[in-house]
Amino acid sequence: MDRFPRPRPHDSTAVRLAALAALLADETRASFCLALLDGRAWTAGELARYAGVVPSTASEHLGRLVAGGLLAEERQGRHRYVRLAGERAAHLVEELASQTMTGEQEPPRSLRAASVGSALARGRTCYDHLAGRLGIRITEAMTVRGLLRQDAGFALTETGLEWFGALGIPLDRSGRRPLVRSCLDWTERRPHLAGAAGAALCAHALEAGWCERFGAGRAVRVTPSGVRVLSERLGIDDPHHHSPASGA
């Protein structure tokens, strides 16, 4: 029997996984990624103010996130913008955030924090699709009406495809991105609609004025015209409240 353990063979996957985990093992970098879940491009200065750090510190952290593949950089003239590198990066951040919501939660430390948390729970964007109670209500209503199937993963039915067409919402089915995908909601702990269809629905809801962003984060709320459309098209009368299926 060997006196000393034999060295393990070099595992490149383990090395890359450790490097990825290290990128998010810093509160400032994690806060940047959470802010960018609103799907928009931010400047380094905006992210620095958001995280409460000086610009030089923000630039250093952003450089690491870009080099690590979690963020993508865009330049317009003298301005530098960053955004999440894509849906996979957004899904990773959202999924990791959902893991922090298990068990006992630390109560908000201020009225503002409580208000922000409440707004995000009611409705928000998760990268480029709708989440929170709003996203859950829409997903459940689509399932009840036979537009979406959840029995073997998420899938749009023929009726669902016709529903999108009737609303004038084009669906991009040519790319590598799944048409529909389940995304676990970190506040509701149930799946909401993501993928190309989820992104198209969210974009249309914002452009058509059914929903509007408010505050500095990614919170969204339904407008009076959106309430009317959701009632007519999906039978949702109070989109921000818990559905009966939630048990609340």
Side-chain angles (χ1 to χ4, degrees), residues 35-42 83-84 87 90-91 94 115-150 154-173 177-188 190-246 248:
L36 291 166
L37 278 175
D38 67 359
R40 295 178 288 186
W42 290 49
R83 63 169 69 247
L84 286 170
E87 186 190 22
H91 181 62
E94 185 81 2
S115 298
V116 170
S118 178
L120 291 175
R122 285 194 302 271
R124 65 184 183 278
T125 54
C126 172
Y127 185 49
D128 61 359
H129 55 270
L130 295 170
R133 289 196 289 273
L134 172 61
I136 294 295
R137 291 298 305 276
I138 290 174
T139 301
E140 290 182 344
M142 291 180 66
T143 304
V144 169
R145 295 200 163 209
L147 310 177
L148 178 70
R149 293 183 60 182
Q150 298 190 41
F154 273 28
L156 281 181
T157 65
E158 286 299 321
T159 305
L161 293 171
E162 293 171 0
W163 184 83
F164 274 90
L167 287 171
I169 304 176
L171 294 177
D172 182 7
R173 306 173 69 180
R177 186 178 189 182
L179 180 61
V180 291
R181 184 178 62 76
S182 167
C183 183
L184 181 64
D185 197 287
W186 61 263
T187 52
E188 297 298 295
R190 286 180 290 155
H192 58 244
L193 176 66
L201 179 59
C202 178
H204 187 82
L206 291 169
E207 292 168 4
W210 301 349
C211 297
E212 62 184 6
R213 298 183 185 273
F214 68 100
R218 52 191 177 115
V220 297
R221 59 190 169 201
V222 180
T223 64
S225 64
V227 171
R228 183 175 62 255
V229 170
L230 291 177
S231 177
E232 294 172 351
R233 297 288 184 169
L234 290 173
I236 299 174
D237 293 324
D238 202 342
H240 290 306
H241 282 195
H242 283 282
S243 64
S246 69

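Since the structure is predicted, the reported quantities are computational estimates derived from the model, not experimental observations.
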I need the minimum non-hydrogen distance between [X] and [Y], along with the two atoms involved.
| X | Y | value |
| --- | --- | --- |
| Arg233 | Trp163 | O-NE1, 3.6 Å |
| Cys211 | Leu134 | SG-CD2, 4.0 Å |
| Arg137 | Ile236 | O-CD1, 3.5 Å |
| Val227 | Val222 | N-CG1, 3.3 Å |

Checklist entry - Short question: side chain of Thr157, backbone of Gly160 - any donor-acceptor pair under 3.5 Å? => result yes
Item to check | Backbone of Phe154 reached by a side-chain donor or acceptor of Ser182 within 3.5 Å | outcome: no
With sequence neighbours excluded, residues passing side-chain hydrogen bond (donor to acceptor under 3.5 Å, both in side chains) with [X]:
| X | result |
| --- | --- |
| Arg228 | none |
| Glu162 | none |
| Thr159 | none |
| Asp185 | Arg124, Thr187, His192 |

Using atom types as modelled, flag every donor-acceptor pair under 3.5 Å from a side chain in residues 194-210 to any protein atom, sequence neighbours excluded.
none

Checklist entry - Does the side chain of Thr139 reach to within under 4.5 Å of the side chain of Gln150, using non-hydrogen atoms? => result yes
Checklist entry - Would a 4.5 Å heavy-atom cut-off, applied to side chains only, mark Leu234 and Leu147 as touching? => result yes
Item to check | Pair Arg213-Asp38, side chain to side chain contact (heavy atoms under 4.5 Å, CB included): steps then yes or no | outcome: CA-CA 10 Å; Arg213 298 183 185 273; Asp38 67 359; 4.0 Å; yes
Checklist entry - Counting only heavy atoms not in Arg149, do more than 12 sit closer than 6.0 Å to its CZ atom? => result no
Measure the spacing between [atom1] of [X] and [atom2] of [Y] and express it to the nearest 0.5 Å.
| X | Y | atom1 | atom2 | value |
| --- | --- | --- | --- | --- |
| Leu161 | Ile169 | CG | CD1 | 12.0 Å |
| Glu140 | Leu193 | CD | CG | 12.5 Å |
| Glu87 | His129 | CD | NE2 | 7.0 Å |

Item to check | With Ser231 via side chain to side chain contact (heavy atoms under 4.5 Å, CB included) - residues at least two apart | outcome: Asp237
Checklist entry - How far apart are the C-alpha atoms of Leu171 and Leu179, what are their side-chain angles, what is the distance that settles it, and do they pass the side chain to side chain contact (heavy atoms under 4.5 Å, CB included) test? => result CA-CA 8 Å; Leu171 294 177; Leu179 180 61; 4.1 Å; yes
Next on the checklist: Could you work out, with salt bridge (Lys or Arg N to Asp or Glu O under 4.0 Å) as the rule, every residue matching Arg83, not counting sequence neighbours?
Outcome noted: Glu74
Checklist entry - Under the salt bridge (Lys or Arg N to Asp or Glu O under 4.0 Å) test, which residues partner Arg145, sequence neighbours left out? => result none
